[in-house]
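Working notes, beginning with the structure itself.
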Amino acid sequence: QVQLVESGGGLVQPGGSLRLSCAASGDIFDINVMGWYRQAPGKERELVARIFSTGNMDYADSVKGRFSISRDNARNTAALQMNSLKPEDTAVYYCSAKIRTRITNPLFVDYWGQGTHVTVSL
């Protein structure tokens, strides 16, 4: 099976930085897109950033210029560098990936990590 494991969350003051990491492991044949989503209390889960195997990237308007997503295709990892954090960035951040395994081939299936908490507060 496939696992996505996030790390790097925590408590940070406004204006600070955090770096989230995501590692995919298991019987992975191919990964199309890797991304980060977040869900704040009482709100729906939303896309933060995603990066395709081609290198193309998408960002939510609210994080453009502050967050940067990267990916290591050889290691099946992705990272989200978050700078100039604001209290409204407080949420549980989830790593997601569309993965093709030897079993699901030729289909890409969505996989999710357990989530990591990010709290931006004084």
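Positions are given from 1, in the same order as the sequence printed here.
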Check whether any side-chain N or O of Arg100 sits under 3.5 Å from a backbone N or O of Asp30 as a donor-acceptor pair, and report yes or no. no
In Å and rounded to the nearest 0.5 Å, what is the CZ to CE distance from Arg71 to Met57? 11.5 Å
ILVMFWY network linking Val92 to Val120, side-chain heavy atoms under 4.5 angstrom: no
Over 60° means perpendicular and under 30° means parallel, so classify the ring planes of Tyr93 and Phe67, tilted if in between. tilted
Trp36 with Leu85, same ILVMFWY side-chain cluster at under 4.5 Å: yes
Roughly how far, to the nearest 0.5 Å, is CG of Asp72 from OG1 of Thr77? 4.5 Å
Please indicate whether Glu46 has more than 12 foreign heavy atoms, meaning atoms of other residues, nucleotides or ligands, lying under 6.0 Å from its CD. yes
More than 12 heavy atoms of other residues, nucleotides or ligands under 6.0 Å from CD of Glu88: is that the case? yes
Supply the atom-to-atom distance Arg75 CZ to Ser25 OG, rounded to the nearest 0.5 angstrom. 14.5 Å
Spacing of CD belonging to Gln114 relative to SG belonging to Cys95, to within rounding of 0.5 Å: 12.0 Å
Do Glu6 side-chain atoms and Cys22 backbone N/O form a donor-acceptor pair below 3.5 Å? no
Applying side-chain contact (heavy atoms from CB on, under 4.5 Å) to Ile31 and Ser53, what does each step give before you reach the verdict? CA-CA 7 Å; Ile31 300 179; Ser53 57; over 6 Å; no
Give the C-alpha distance, both sets of side-chain angles, the deciding distance and a yes or no for salt bridge (charged side-chain N to carboxylate O under 4.0 Å, His left out) between Asp61 and Lys64. CA-CA 5 Å; Asp61 288 341; Lys64 283 181 181 177; 3.1 Å; yes
Has the side chain of Tyr59 got a donor or acceptor atom that lies under 3.5 Å from a matching backbone atom of Ile69? yes
Ile103, CD1 atom: more than 12 neighbouring heavy atoms under 6.0 Å: no
When you compare the side chain of Val109 with that of Thr101, does any pair of heavy atoms fall below 4.5 Å? no
Could you tell me the separation between the CG atom of Leu4 and the CD1 atom of Ile99, rounded to the nearest 0.5 Å? 5.0 Å
With a sphere of 6.0 Å drawn around CD of Gln39, does it hold more than 12 non-hydrogen atoms of other residues, nucleotides or ligands? yes
Close side-chain approach of Met82 and Asp89, heavy atoms under 4.5 Å: no
Once you round to the nearest 0.5 Å, how far does CZ of Arg50 lie from CE of Met34? 14.0 Å
Would Ile28 end up clustered with Tyr111 when hydrophobic side chains under 4.5 Å apart are linked, directly or stepwise? yes
What pair of heavy atoms forms the shortest contact from Asn83 to Ser17, and how long is it? OD1-OG, 2.9 Å
Donor-acceptor under 3.5 Å (Ser96 side chain, Trp112 main chain): no
Determine, using the 4.5 Å side-chain heavy-atom cutoff (strictly less than), whether Phe29 and Phe108 are members of one ILVMFWY cluster. no
Determine whether Ser7 and Thr116 make a side-chain contact, defined as any pair of heavy atoms from C-beta on separated by less than 4.5 Å. no
4.5 Å side-chain heavy-atom contact, Ser70 and Arg19: yes
Give a yes or no on whether Val63 and Ile51 share a hydrophobic cluster (residues Ile, Leu, Val, Met, Phe, Trp, Tyr; joining criterion: side-chain heavy atoms under 4.5 Å apart). yes
